[in-house]
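If you're wondering where the values come from, they're calculated on a predicted model, not measured in any experiment. Lettering follows sequence order; numbering is per chain, from 1.
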There are 2 protein chains.
Amino acid sequence: MATSPPTDMPTRPLISAAVVGRANRGRVLQALFDLGPTSRAELARYTGVNRSTITAIVQPLVDNGFLLEGAPLPAGGAGGKPARPLTLSPTASPIGAVQVLQGRVRSALVSMTGDILAQDTRRLPVTGRRAREATDAIGASLEAVLAAAKRPPFGVGVAVGGMVDTDRGSIVEVNLAPALDGLALGPALASRIGLPVLLDHHPRALLLGDRWFGPGRGISTFAVLYTGEVLGGALMLGGHLHRGPAGAGGELGHTFVQVDGELCRCGRRGCWETIATLDWLRRRAAEAGLPDAARISTAKLCRLAAKDPAAARLRDTYARNLAVGIANLQQTLAANRYVLHGDAARGGEPFATAIQQHARDLVPEHPGGRPTVVLGGDDDRAALLGAAGLVLSDQLQFTV
Amino acid sequence: MATSPPTDMPTRPLISAAVVGRANRGRVLQALFDLGPTSRAELARYTGVNRSTITAIVQPLVDNGFLLEGAPLPAGGAGGKPARPLTLSPTASPIGAVQVLQGRVRSALVSMTGDILAQDTRRLPVTGRRAREATDAIGASLEAVLAAAKRPPFGVGVAVGGMVDTDRGSIVEVNLAPALDGLALGPALASRIGLPVLLDHHPRALLLGDRWFGPGRGISTFAVLYTGEVLGGALMLGGHLHRGPAGAGGELGHTFVQVDGELCRCGRRGCWETIATLDWLRRRAAEAGLPDAARISTAKLCRLAAKDPAAARLRDTYARNLAVGIANLQQTLAANRYVLHGDAARGGEPFATAIQQHARDLVPEHPGGRPTVVLGGDDDRAALLGAAGLVLSDQLQFTV
DNA sequence: TTTGGTATGTTCGGGACTCGCTCAAACTAA
DNA sequence: TTAGTTTGAGCGAGTCCCGAACATACCAAA
């Protein structure tokens, strides 16, 4: 959360009349996101208010082109005036989305409907201490896509593949990119382009991408796991992304699953990361004598597993290792739904099912339900949509 | 035609004028809980509203005796009309609190100020399949304390030392009390006494007791750990108790910290419970040759540790074992504050500090803060206050 | 003692919402 | 044609918060 300064004001604001309108408008738009094209009457039923209230909220948005009124639908069996579905306009104000990776930056202009209207990728100078150059490259990339906007964008979301301080909108640390460490990227971009800028950790952006445009659409509690060289995650609890103070939560890779176990990159022993990342997989693949073990991925492993029993065993063990952490999350939070991103997601449905089966075996029965493991969409697209989702969540999900 | 939405999202109702009043009244009362005696002007500053708004909210509550207006305080150095502090009235409507244990039931009448006005303890027939007798005993105990109420109570909270289904208000399973398994205690009590009844898991009641009357007062994010024969916990995240669907969350004792480790009571291997309960402590105490090892507690261990190096080492290892799970919570949720209850709490401040030190050693630095381990109050009292807290949270914390 | 400054708490008019009711429009089925 | 159903708009009423103004109460310096 970049633009708002870190307030230590411990106040619990009351609800004012002004904020009620904003909040309700946000909720109606949320409903439109979650339900797709929906008539005013159905929105009224869904939100439990009078139809006239929906009209009052929606009409200005239709008038200024934010919402589109579709053609009257043929009435349902019972007769009656045909409903006119409302949809989010693909040409309404777009959202800027930035993904900061180790060696490059990707920017996009995203419509409210989840379409990528423009895109830009460029190299990012991250070695040495050239923070200014990095900021300039990111800003230039962002400006390139914002120039394609026909209406002034709502804001900009930035997903960073490293540790961030969401309160300050600054980067704490990005592996192998020392130029970015400590960089207050959010405020820098905000003052450069004159728009609100929200900055967050990459897995949390993925979560919001899934929440608004992916398999988490309309779901109030679920988790995202990102696997690969590292292991990270994010949590949606009760309709809100759980960040923790300054965005400290979600460091799932460095929870202990094997006290005093293998040494982790972080210097401690037995982190989940030590048994559920590509590093572990490649070492075990080499031990098992699998071909090209040093560059194996879950996708390759799954292909090998079709004919090589050793690969199939390794695949199953890896699925179980991933399931261990999911089981811990399930026992702790009972999020029930877990969306895979990164390397593990490219193992496809069978691999997700294998993880799910292990996770279910690892938690006891409870009336609250069982864990379900599903695939997230394409990572690159999901990250950009997620960066846009940062802005959507900020604009639409008032805590009131 | 009015199809239910294809999501698990409980149709987000919009905010109406009526609910705003209720919610704001709740927030003002929360502020009074959290701040103690507070003048109208200070409440206005704290909640960010106009003083006249506070007057409008507070005046009816003063008139009907729910709030008390104290004597004018001597004005602060700068002059001005002296403030008249408002306090919750100890004689306002009380709350019924019930704690269901394996062999007995305790009931109490709790004032809004956290005083226990009346109390009742009786044996609970829990063997065999005599659900009716158990319900009768609980109901009779509750009625005994409710009879002491001078005004009609707000409701009744029930804390159960076992697995519960909070949605149904029913008990899923209580160890060694088969008569209670599956019992819909909430509805049964509600129809018997004609008051709303809220039922929840024991650690979650402790959490709410701490939130309203203990070390969690006014803190929006913290966790409670209960240790002893079993290991359980509860989470306050962003001002709301996280229950999970049907109350499935918080099963911290059965998260894995040692994959394929020691066999746990639950049938799986390497649960946190296997290294952080009295069972582990007593076996290790026996191995170390400590006196009366089979009945040792953390409190006894801490006393022994003063002169026996072996006891001191065991004490340190036990503190680290507890810290492992705290570190995992910290990495996952960054709750920052951890309140101890049960056996470990009776190890006193030095033991809490030892756990805290280990927990800090086990998590990396982050601007979001470091874990803090503090002692909860007396368990028996905290559980009853926590049962009352179930009602307070229900009445005062509208999600709007 | 007077006077100006400061803070508290109340009163009152105004504005921003939502609610319930009513009505026209559009479609179905008998 | 007619009755029934559903959608969407219009209007007055009610509820709540805000801001300005005012009375009250205390302090401190002149």
Side-chain angles (χ1 to χ4, degrees), chain A residues 11-28 31-32 37-63 67-86 398 400, chain B residues 1-3 12-28 31-32 37-63 67-86 398 400:
Chain A
T11 65
R12 236 349 212 202
L14 298 196
I15 305 168
S16 71
V19 85
V20 168
R22 250 172 72 91
N24 281 350
R25 191 164 60 245
R27 292 185 185 194
V28 168
L32 270 175
T38 311
S39 71
R40 294 169 176 82
E42 199 172 334
L43 283 173
R45 283 190 293 267
Y46 182 75
T47 55
V49 301
N50 198 284
R51 288 199 303 276
S52 61
T53 303
I54 294 293
T55 295
I57 292 173
V58 144
Q59 213 45 255
L61 297 173
V62 172
D63 292 343
L67 296 180
L68 292 182
E69 193 165 26
L73 288 176
K81 178 174 172 176
R84 310 209 56 184
L86 300 170
F398 305 103
V400 195
Chain B
M1 191 51 192
T3 54
R12 279 282 263 205
L14 299 195
I15 305 167
S16 70
V19 84
V20 167
R22 247 172 77 91
N24 281 351
R25 191 165 61 245
R27 292 185 185 194
V28 168
L32 271 173
T38 311
S39 71
R40 293 169 178 80
E42 198 173 335
L43 284 173
R45 282 190 293 269
Y46 181 76
T47 55
V49 300
N50 197 282
R51 291 198 304 276
S52 62
T53 303
I54 295 294
T55 295
I57 292 173
V58 145
Q59 212 45 256
L61 297 172
V62 172
D63 292 342
L67 297 179
L68 291 182
E69 193 165 28
L73 289 176
K81 177 173 172 177
R84 310 208 57 183
L86 300 169
F398 306 103
V400 190

Would you give me the side-chain donor-acceptor pairs under 3.5 Å for residues 50-63 of chain B, sequence neighbours excluded?
| from | atom 1 | to | atom 2 | distance (Å) |
| --- | --- | --- | --- | --- |
| Asn50(B) | OD1 | Ser52(B) | N | 2.9 |
| Asn50(B) | OD1 | Ser52(B) | OG | 2.8 |
| Thr55(B) | OG1 | Arg51(B) | O | 3.3 |

For nucleotides 17-24 of chain C, give me one character per nucleotide, 5' to 3': B if any protein heavy atom sits under 4.0 Å from the base, S if the only such contacts are to the sugar-phosphate, - if neither. SSSBB---
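One N or O on the side chain of Asn24(B) and one on the backbone of Ile15(A) form a donor-acceptor pair closer than 3.5 Å. Arg27(B) places no side-chain N or O within donor-acceptor distance of the main-chain N or O of Leu14(A), the cut-off being under 3.5 Å.
In this structure, Glu69(B) and Arg40(B) have side chains that are in contact, with non-hydrogen atoms separated by less than 4.5 Å.
Taking atom CG of residue Leu43(B) and atom P of nucleotide dC17(D), one finds them 14 Å apart after rounding to whole Å. One can place CD of Glu42(B) at 20 Å from P of dT6(C), the figure rounded to the nearest angstrom. Going from atom CD of Glu69(B) over to atom P of dT24(D) covers 16 Å, rounded to whole Å. Ile54(B) has its CD1 atom 13 Å from the P atom of dT8(C), to the nearest Å. We find that CZ of Arg27(B) is positioned 15 Å from P of dC16(D), with the value rounded to whole Å.
In this structure, the separation between CZ on Arg84(A) and OG1 on Thr38(A) is 15.0 Å, given to the nearest 0.5 Å.
Between Arg45(A) and dT6(D) there is no side-chain polar atom (N or O) within less than 4.0 angstrom of OP1 or OP2.
Here dA9(D) is the nucleotide among dG9(C), dC26(D), dA9(D) with the atom lying nearest to any side-chain atom of Arg40(A).
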Going through the checks in order, is the side-chain contact (heavy atoms from CB on, under 4.5 Å) test met by Leu68(A) and Leu86(A)? CA-CA 6 Å; Leu68(A) 292 182; Leu86(A) 300 170; over 6 Å; no
